Every structure is written in structure tokens, then in C-alpha cells.
Amino acid sequence: MKERLTISEIAKLRGMTTEALRHYDRIDLFKPKFVDPETGYRYYSIFQYEILGTIKELRQIGMSTNEIKQYFNQRNFKKSSEILKAKHAELVSKLKELTEIEVNIKEKIAYLDNISRKEAFQEIIFREIKSRKLITLNEKINSNLELCYSIIRLETMLTEKAPILASNRLGIIIEEDDLKDKRFEEPSVIFVVAKQDEKIQKKYLKLIPEGLFACIRYNGELLRNRSKSLNKLFTYLHETGYRIIGDALQIMVVDITVTDNPNEVMFEIQVPVKKI
């Protein structure tokens, strides 16, 4: 047993790397106790074991080297307790955030798995859909350029993590009057479906009541290529005795957040209807 230890010896003793110790030395966090006056070789003291062990544990709970420096600066019981409480509060906040992200990712995986089993393109189906809250800028989109800027503005209004990735929450509103007059390529208002607990300013809020929706899916661009699908859907509604009772929603079902293959991009038009 000896008091003086080389950097390799104390690193092995504490289960750390020599590079970590050299880094702590360079930033004046943990320095060797002794310096040989003849060789200039530096040695650590076994009695420094506690300080190094504390540094290791503080790193394990997520403290940065700067935070650890503050921890060792004029230590006392009260200060150490306050620092640990602050770090605990930070970790609790991060844990909550990670939990929310985990739930978010789980929902996205389930959504994509469900999409892969859904109905074929151009097939008309009827679905009962619950009420939804939309966040919208109430500005009509006339080009893909305007579309890009509008999506960015909508995304910045959301506080949640990864709201758009692998979801069916982004879309445009096709107004009832345009539908009835068959103006299917008219500029439309873009929206994001809000989560139920989302607080939305009244001027950006649009409520879509629950009800029966006639739905059809197709490939193409968001602002184009929907006329064929709408014409087919309207012919079917006329033949089966349904009428439109509100604005339609064109939802991005699969978009560029999950694929760069144009053939995989998918949209669904949802038209609120009522039996005549």
C-alpha cells in the first residue's frame, strides 16, 4: 500500500480513464497532489480518493464539469443540498420530457403500422370521426412557397415535441362553397389538428364537429391532383343519396417527413355528409 499513485493507478482504482483525469487536470477540476522536483512527474494521493469519487458520482447524475466546480467551491452542507435539489428538479423535468417523447414516438409507430393496413387508393369509405380543434392562420395558400412558410408558422405555435413527424395532423380546408361549385383547385387554408388540451387563441381556432365523413385517398401534391378524387367522391355521394354539410379536410396521411418516394406520399379527403 502506498500514498502516491500514478495517473494510471488512480484511474484503474476509480474505474476511470486516464484521459478523463488529464481533462480534469487541464480544467483545474482535479489535479495531482505531488510533483517530483527532479523529474516533474506528478502523482495523485490516495487521500484524494473521496474527491475523485464524488466527481465521478456527480458526473453520473448528470452534472457538467462547470457545475461540479461550483459544487466544490466553498462547500458546505446547505450549499451542497441546494445544488442537489436543483439538479433533481432538472432531472425530473427532463424525465417528464422524455416520457412525453416516448409516448409521442409510440403513437407515431402505431399510426404508421395502422396506415400500412388501411384501405386502398380511390376507395370511398364512410367514417364517424370525433370533433377536432384546428389551428389555422386563416390565410389561403396560393403556391408551394406560401405553403412552406405557413407550415413553419403553424409549427412554431405548437409547444409539443415533434408534432408533425409521422402524423396525420397537417392539412388544408376545402370550403363548402368551393365543393358545391366544384372549384376543387381553389387556394385553401392550411391547418394543424391540435391536441385536445392545447390552448389556442380564438382567432386561430376552428372547430370541426363530430359526424359522418365520406373519405377517399390518393397520391399527388397537397395543392393539386385532388380534382379526380373529389369528382369520383361526389358522383358516388349523388348516386347513394348523400349531401355535403360543411367544409372538407384534406389530410396529409403520409408525407415527406417519412418518405422521399413520391409514390408513397398519400392524402385523404374527408367530406362531412348527411343522408338525404
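As the structure is a computational prediction, the values presented were derived from the model and not from experiment.
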Flag, side chain of [X] to backbone of [Y], donor-acceptor distance under 3.5 Å:
X: K33; Y: R4; answer: no
X: K130; Y: E210; answer: no
X: E185; Y: S227; answer: yes
X: E107; Y: N104; answer: no
X: E146; Y: N142; answer: yes
X: N219; Y: N263; answer: yes
X: D25; Y: K31; answer: no
X: K87; Y: G62; answer: yes
X: Y218; Y: I269; answer: no
X: D36; Y: E38; answer: yes

Rounded to the nearest 0.5 Å, what's the gap from [atom1] on [X] to [atom2] on [Y]? Could you check?
X: I152; Y: I164; atom1: CD1; atom2: CD1; value: 12.0 Å
X: T99; Y: K96; atom1: OG1; atom2: NZ; value: 10.0 Å
X: L5; Y: I7; atom1: CG; atom2: CD1; value: 11.5 Å
X: D247; Y: I174; atom1: CG; atom2: CD1; value: 9.5 Å
X: R14; Y: L21; atom1: CZ; atom2: CG; value: 11.0 Å
X: T65; Y: M63; atom1: OG1; atom2: CE; value: 12.0 Å

What do you reckon, is [atom1] of [X] surrounded by more than 12 foreign heavy atoms closer than 6.0 Å?
X: K161; atom1: NZ; value: no
X: F72; atom1: CZ; value: yes
X: Y49; atom1: OH; value: no
X: R153; atom1: CZ; value: no

Of F126, F213, F234, which meets ring pair (Phe, Tyr, Trp, His ring centres under 6.0 Å) against Y242? F126
Tell me whether I46 shares a hydrophobic cluster with I55, the cluster being built from Ile, Leu, Val, Met, Phe, Trp, Tyr side chains joined at under 4.5 Å. yes
Side chains of K79 and N76: does their closest heavy-atom pair fall under 4.5 Å? yes
If we only count heavy atoms from C-beta on, is the Y44 to P32 side-chain gap below 4.5 Å? yes
Pairing donors with acceptors under 3.5 angstrom, does anything connect the side chains of [X] and [Y]?
X: E50; Y: Q48; result: no
X: S188; Y: E175; result: no
X: N261; Y: T259; result: no

Check the pair L237, V273 against side chain to side chain contact (heavy atoms under 4.5 Å, CB included), reporting the backbone distance first and the verdict last. CA-CA 9 Å; L237 293 178; V273 295; 3.8 Å; yes
Taking 4.0 angstrom as the limit, do [X] and [Y] come out as a salt bridge?
X: E186; Y: K140; result: no
X: K195; Y: E160; result: yes
X: E90; Y: K94; result: yes

